[in-house]
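We count ligands from 1, going down the list as the structure has it; atoms in each ligand are counted the same way.
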Amino acid sequence: MKLNILSCAFVLAASGMSGVHAEDTAAMTDFVRGNGCFSCHSATEKIVGPSFQSISSKYAADKDAVPTLAQSIKNGSTGKWGSRVAMPPHQNISNEDLTKLAKWVLSQKP
Ligand code: HEC
């Protein structure tokens with residue numbers, strides 16, 4: 001599993017689809033996984049929550065996207081995505097890490 005995610009990040013970086021260094025992308029992916037986000041989200045497919053790419057597209061033109069998404073991750077979110085399921089709050093994540101997560105989500109482009 002770890003190897004798959006790592007090699008995926010390297011492939012993305014190698015194909016020039018990512019502006020971020022491969023190590024950073026892989027480390028960030030590990031970080032997101034460590035916070036349990038991938039149990040409900042994937043980069044491309046709707047699972048329980050919307051895909052990270054559709055979140056990124058929806059907020060692409062929103063200049064307050066980083067603080068908005070950081071707050072959603074921290075306090076949970078419901079009703080924004082037409083799902084009957086809510087995202088639970090993640091109160092244990094520091095503000096610095098919330099900002100990192102929000103930026104990472106916004107960097108997920110198809
Ligand atoms: C238990 C399932 C679950 C987990 C775990 C989860 N999410 Fe979500 N997430 C959702 C659902 C469902 C939504 C849609 C909520 C809505 O409709 O407002 C969502 C929405 C979002 C949004 C969009 C919020 C908005 O304001 O539009 C972001 C960003 C997000 N999640 C990031 C994360 C990150 C980062 C993590 C890990 C720290 C995470 N999620 C963990 C289920 C989850």
Student: Are the side chain of His90 and the backbone N or O of Ile73 linked by a donor-acceptor pair below 3.5 Å?
Tutor: yes

Student: With under 30° as parallel and over 60° as perpendicular, where do the rings of Trp81 and Tyr59 fit, or are they tilted in between?
Tutor: tilted

Student: Looking at atom 31 (N) of ligand 1, what's its closest protein heavy atom, distance included?
Tutor: His41 NE2, 2.8 Å

Student: Side-chain contact, heavy-atom cut-off 4.5 Å: Arg33 with Thr29?
Tutor: no

Student: Considering distance alone, does some N or O of His90 sit under 3.5 Å from an N or O of ligand 1?
Tutor: no

Student: I'd like the name of whichever of Ile55, Leu101, Val85 reaches closest to atom 28 (C) of ligand 1 through any heavy atom.
Tutor: Ile55

Student: Is there a polar contact between ligand 1 and Lys80, counting only N or O atoms under 3.5 Å apart?
Tutor: yes

Student: Which heavy atom of the protein is the closest neighbour of atom 2 (C) of ligand 1, given with residue, atom name and distance?
Tutor: Cys40 SG, 1.9 Å

Student: Should the proximity of Lys58 to ligand 1, defined as any heavy atom under 4.0 Å, be assigned to the side chain, the backbone, both, or neither?
Tutor: neither

Student: Ignoring hydrogens and angles, tell me if any N or O in the side chain of Asp62 forms a donor-acceptor pair with the backbone of Lys58 under 3.5 Å.
Tutor: no

Student: Report the part of Leu69 (side chain from C-beta onward, or backbone N, CA, C, O) that has a heavy atom under 4.0 Å from ligand 1; answer both or neither where that applies.
Tutor: side chain

Student: Please tell me whether Trp104 and Phe52 form a close aromatic pair, meaning their ring centres lie under 6.0 Å apart.
Tutor: yes

Student: Among all protein heavy atoms, pick out the one at the shortest distance from atom 37 (C) of ligand 1; state its residue, atom name and that distance to 0.1 Å.
Tutor: Cys37 SG, 1.8 Å

Student: Judging by distance only, is a nitrogen or oxygen of Ser83 under 3.5 angstrom from one on ligand 1?
Tutor: no

Student: Does ligand 1 have any atom that is closer than 4.0 Å to a heavy atom of Val48?
Tutor: yes

Student: The test is side-chain hydrogen bond (donor to acceptor under 3.5 Å, both in side chains); show your working for Ser51 and Ser54 and say whether it passes.
Tutor: CA-CA 5 Å; Ser51 76; Ser54 43; 2.8 Å; yes

Student: Please work out, at 4.0 Å between heavy atoms, whether the side chain, the backbone, both, or neither of Ser72 comes within that distance of ligand 1.
Tutor: side chain

Student: Considering non-hydrogen atoms of the protein only, which is the closest contact for atom 18 (O) of ligand 1, and what is the distance?
Tutor: Ser77 OG, 2.6 Å

Student: Does the N or O separation between Thr68 and ligand 1 drop below 3.5 Å for any pair?
Tutor: no

Student: Return the option from Gly76, Ser56, Gly34, Gly49 holding the heavy atom at the smallest distance from atom 11 (C) of ligand 1.
Tutor: Gly49

Student: Which part of Ala102 is near ligand 1, with near meaning a heavy atom under 4.0 Å away: side chain, backbone, both or neither?
Tutor: neither

Student: Sort out for me which residue in Leu98, Leu101, Ile93, Leu69 forms a side-chain contact (heavy atoms from CB on, under 4.5 Å) with Lys74.
Tutor: Leu98

Student: Determine, using heavy atoms of Tyr59 and all atoms of ligand 1, whether some pair is separated by less than 4.0 Å.
Tutor: yes

Student: For atom 30 (C) of ligand 1, grab the closest protein heavy atom and report residue, atom and distance to one decimal in Å.
Tutor: Met87 CE, 3.5 Å

